[in-house]
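Quick notes on the structure that follows.
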Amino acid sequence: MKKKISLIDILIILVIALCLVFVVKYFSTNSKKAYNVPEVSYVVELKSLDEKNLDVFKVGDKIIDGVKGGYLGNVTKVEIKDNVETREDTENGRFIQSSFENRKDVYLTISGVPTTYTDDEILFATQEIKIGKQLHMKSKNYVGHGYIISVIDEK
């Protein structure tokens, strides 16, 4: 018994071949993009911290997402500045700057290679990195939250 190749067999072979070509092309271009992802640095502002506890912030600290646990980068710079708060003066109808005694503001520069990097978004694990976003984070020695005040990509 000889089996002949039918038109349906040829179509099935062509569909499988096209699928294989697509898969190989898709994964090879994504692999090339992954090697070209630039390092991203961003600054997180931690407001009004007790000045007795500021020695826990160190360059090199590994930062983890405090909610979902994904890697957010390493601390590359720690800046400690006097606490300054902008508050409303309701009696005079204006805003004034004031500060609290024994309080400091900490600015952590965090750097790393994001898991997703496009023109529209930068993600570390599942955490979107953009100015104004509140970031819950933890390290070996501390837990806290602050707002991202700047993003610098090395592109």
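Since the model is a prediction, treat every value here as computed from it, not as a measurement.
In this structure, CG on Asn74 lies 8.5 Å from OG on Ser111, to the nearest 0.5 angstrom. In this structure, the separation between CD1 on Ile122 and CG on Asp119 is 9.5 Å, given to the nearest 0.5 Å. Distance check: Asp50 CG to Lys104 NZ gives 11.5 Å after rounding to the nearest 0.5 Å. Once rounded to the nearest 0.5 Å, the distance linking CG of Leu123 with NZ of Lys130 reads 10.5 Å. A distance of 9.0 Å separates NZ of Lys81 from CG of Asp105, quoted to the nearest 0.5 Å. Here the CZ-OG1 distance, from Phe95 to Thr86, works out to 8.5 Å after rounding to the nearest 0.5 Å.
Across all non-hydrogen atoms, the minimal contact from Phe100 to Asn83 is N-OD1, 3.2 Å. Of all non-hydrogen atoms in Phe124 and Tyr71, the two that sit nearest each other are CB-O, 3.5 Å.
The neighbour count for Lys47 NZ, taken as heavy atoms of other residues, nucleotides or ligands under 6.0 Å away, is above 12. Within 6.0 Å of the CD1 atom in Ile96, the count of heavy atoms belonging to other residues, nucleotides or ligands exceeds 12. By the neighbour-count criterion of 12 heavy atoms within 6.0 Å, atom NZ of Lys58 is densely surrounded, having more than that number from other residues, nucleotides or ligands.
Hydrophobic clustering (side-chain heavy atoms under 4.5 Å, transitive across Ile, Leu, Val, Met, Phe, Trp, Tyr) groups Phe57 together with Val59. Ile149 and Leu135 fall into different hydrophobic clusters, where Ile, Leu, Val, Met, Phe, Trp and Tyr residues are linked whenever their side-chain heavy atoms come under 4.5 Å apart, directly or through other members. The hydrophobic cluster containing Val67 does not contain Leu72, counting ILVMFWY residues as joined when their side-chain heavy atoms lie under 4.5 angstrom apart, directly or transitively. Under a hydrophobic clustering in which Ile, Leu, Val, Met, Phe, Trp and Tyr are joined whenever their side-chain heavy atoms come within less than 4.5 Å, directly or via other members, Leu46 and Ile64 fall into different clusters. With hydrophobic clusters built from ILVMFWY side chains whose heavy atoms lie under 4.5 angstrom apart, Tyr107 does not share a cluster with Val40.
In terms of modelled atom types and a separation under 3.5 Å, the side chain of Asp61 and the main chain of Val75 share no donor-acceptor contact. Looking only at distances, a side-chain donor or acceptor of Thr76 sits under 3.5 Å from a matching main-chain atom of Thr109. Formation of a donor-acceptor pair under 3.5 Å by the Thr115 side chain with backbone atoms of Ala125 is found in this model.
Partner Met137 forms a side-chain contact (heavy atoms from CB on, under 4.5 Å) with one of Asp65, Val143, Leu108 and no other, that one being Leu108. Exactly one of Asn53, Leu54, Leu49 qualifies for a side-chain contact (heavy atoms from CB on, under 4.5 Å) with Glu51. That residue is Leu54.
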